[in-house]
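What follows is one structure encoded as structure tokens, with my remarks underneath.
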Amino acid sequence: MINLMKSSPDHSPVITEDELSDEEVLTELKLLKEKLQHEVIILGHHYQQDDIISFADMTGDSLGLAQKVSQINKPYIVFCGVHFMAETADMLTSANQQVILPDLNAGCSMADMANRADIERCWHYLTEVTKQKIVPITYVNCAADLKAFVGKHGGSICTSSNAKKVITWGLSQGEKLLFFPDQHLGRNSCYELGISLDDMVVYDPKKLFGGLTPKEVEKAKVILWYGYCSVHKGFTKEQVDLVKKNNPETKVIVHPECTFEVVQASDFNGSTSYIINTIEKAPSGTSWAIGTEINLINRLAKAHPDKHIISLSPFQCLCTTMYRVRPRWLLHSMRCIENGKPINVIQVTDEIKKDALKAINTMLEISKE
Ligand code: 13P
Ligand code: SF4
């Protein structure tokens, strides 16, 4: 039996989480979650591991979690996901609530592919070489100061589940879009909306002027930032072809962060929630190859033993940053809350929040329609 009173009179833990066995961590976590149920809510993104998901009060994709978080009234929100998600949650909650990320190293490699200085440089160049109105749209997978940039320039955030709606809105506000940081979500969504590949160009921040001539900028309808998800990049068209060759009945469903070739060769594409809903609704006995993060695929395979579910890739497509959030760190966060000294609190400055919220709220409004 685990003793919940493993703390000194000043409430600092006597036995640190490092000294507990995995089983002890889970047992104490269960007790502590129960004890703090009126103060703490635990959110889990679909890519979290099963042990973390088992403690989550709410799960969801990026949009779902952002929509849910603003309705929470508990003082502590422990966000089992990655940094940009916790930042968004902080902006959508009130000043007397605290958002906690159990491991501060849980970032997103795609979000790190764009920074404010590079985006400002890009914007300066684009607005210099064309007089047409450019509307900036950023995928939610980016730092808060980039969301602020977008808010300041009249644009919107999007997630994988509302990208097409937001892009349609963006094109009603101006003649061109600057879409960052994920070129694939941008390209896949624009193409599905009928925008031809010839009307899209890629701005590479590592190249002089992004590698684009003024003429190319002028001609383009959509300027895509050179960013990508290193996890979803692992899926290839050859894998889709192989699955189809081995079993033509198998349906392939992928996340729109996969490349254009992969999405085009697949049967369906959509956000993590879309993937979950599609599999849930699929008839018994159907076969599925899924192109997204491995923890979600494994959970779906376990939850639907009546369906044949495999990963599209023979290699582990694991989001190593999502993976950093472990029950041990969740326990540490919970213990610190219990002791009145919360750690890893994510706080976006008021200055950034002011503009970033404009862009987030624009997205939430568009998503309602
Ligand atoms: P979703 O919004 O589809 O959950 O995607 C988040 C993400 O980071 C996918 O890599
Ligand atoms: Fe970022 Fe890719 Fe991980 Fe999603 S799966 S959090 S885009 S690195």
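Defined by atom type and a distance below 3.5 Å, a donor-acceptor pair is missing between the side-chain atoms of Ser287 and Glu249. Using modelled atom types, one finds a donor on one side chain and an acceptor on the other under 3.5 Å when comparing Thr292 with His232. Using a 3.5 Å distance cut-off with no hydrogens or angles, the side chains of Glu216 and Thr213 do pair a donor with an acceptor. For the 3.5 Å distance criterion, the side chains of Ser284 and Asp306 qualify, holding a donor opposite an acceptor.
The side chain to side chain donor-acceptor pair (under 3.5 Å) search around Asp199 returns none, not counting sequence neighbours. Judged as a salt bridge (charged side-chain N to carboxylate O under 4.0 Å, His left out), and not counting sequence neighbours, Lys281 has no contacts. With sequence neighbours left out, the salt bridge (charged side-chain N to carboxylate O under 4.0 Å, His left out) criterion links Lys353 to no other residue. For Asp112, the side chain to side chain donor-acceptor pair (under 3.5 Å) test picks out no residue, with sequence neighbours left out. With sequence neighbours excluded, no residue forms a side chain to side chain donor-acceptor pair (under 3.5 Å) with Lys219. Legend: residues meeting ring-ring contact (aromatic ring centres under 6.0 Å, His included) with Tyr125, ordered by chain and number and at least two apart, are Phe209. By the side chain to side chain donor-acceptor pair (under 3.5 Å) test, Lys251 is found to be paired with no residue, residues two or more places apart in sequence or in another chain being considered. Every residue two or more places apart in sequence or in another chain that forms a ring-ring contact (aromatic ring centres under 6.0 Å, His included) with His153 is listed here: Trp123, Phe149. Partners of His184 according to the ring-ring contact (aromatic ring centres under 6.0 Å, His included) rule, which considers only residues two or more places apart in sequence or in another chain, do not exist here.
Of the residues listed (Ile290, Val252, Thr250), the one engaging Leu312 in a side chain to side chain contact (heavy atoms under 4.5 Å, CB included) is Val252, and it is the only one.
A distance-only check finds no donor-acceptor pair linking the side chain of Asp90 to the backbone of Val99 [under 3.5 Å]. Distance alone, capped at 3.5 Å, is enough to place a donor-acceptor pair between the Lys307 side chain and the Glu280 backbone. Using a distance-only test at 3.5 Å, with no hydrogens or angles considered, no donor-acceptor pair links the side chain of Lys358 to the main chain of Val150. Panel note: side chain Ser266, backbone Val262; a donor-acceptor pair is recorded below 3.5 Å. Within the 3.5 Å criterion, the main-chain N or O of Tyr76 finds no donor-acceptor partner in the side chain of Gln97. At least one donor-acceptor pair under 3.5 Å links the side chain of Glu24 to the backbone N or O of Ser21.
The structure places CZ of Phe315 at 8.5 Å from OG1 of Thr236, a figure rounded to the nearest 0.5 Å. Distance check: Ile279 CD1 to Ile253 CD1 gives 5.5 Å after rounding to the nearest 0.5 Å.
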Discussion item. For Phe260 and Tyr191: C-alpha separation, side-chain torsions, deciding distance, then whether ring pair (Phe, Tyr, Trp, His ring centres under 6.0 Å) applies.
Written reply: CA-CA 9 Å; Phe260 180 72; Tyr191 188 79; 4.8 Å; yes
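Inter-residue side-chain proximity for Phe179 and Ser189 is flagged as unmet; no heavy-atom pair is nearer than 4.5 Å.
Of the charged side-chain nitrogens involved, none lies within less than 4.0 Å of a carboxylate oxygen, so that Glu34 and Lys30 do not count as a salt-bridged pair. Using a cutoff of 4.0 Å between basic side-chain nitrogens and carboxylate oxygens, Asp51 and Arg326 are scored as salt-bridged. A salt bridge is defined here as a Lys NZ or Arg NE, NH1 or NH2 lying under 4.0 Å from an Asp or Glu carboxylate O, and Lys206 with Asp118 fails to meet this definition. By the 4.0 Å N-to-carboxylate-O rule, Asp350 lies too far from Lys354 to be salt-bridged with it. A salt bridge links Arg335 with Glu28: the closest approach of a Lys/Arg side-chain nitrogen to an acidic carboxylate oxygen falls below 4.0 angstrom.
Applying the salt bridge (charged side-chain N to carboxylate O under 4.0 Å, His left out) test to residues at least two apart or on different chains, the pairs with a partner in residues 93-103 are Asp103-Arg324. Every pair passing ring pair (Phe, Tyr, Trp, His ring centres under 6.0 Å) that includes a residue from residues 44-72 is listed here, sequence neighbours excluded: His45-Tyr47. Listed by first and then second residue, the salt bridge (charged side-chain N to carboxylate O under 4.0 Å, His left out) pairs that reach into residues 165-176 come to none, sequence neighbours excluded.
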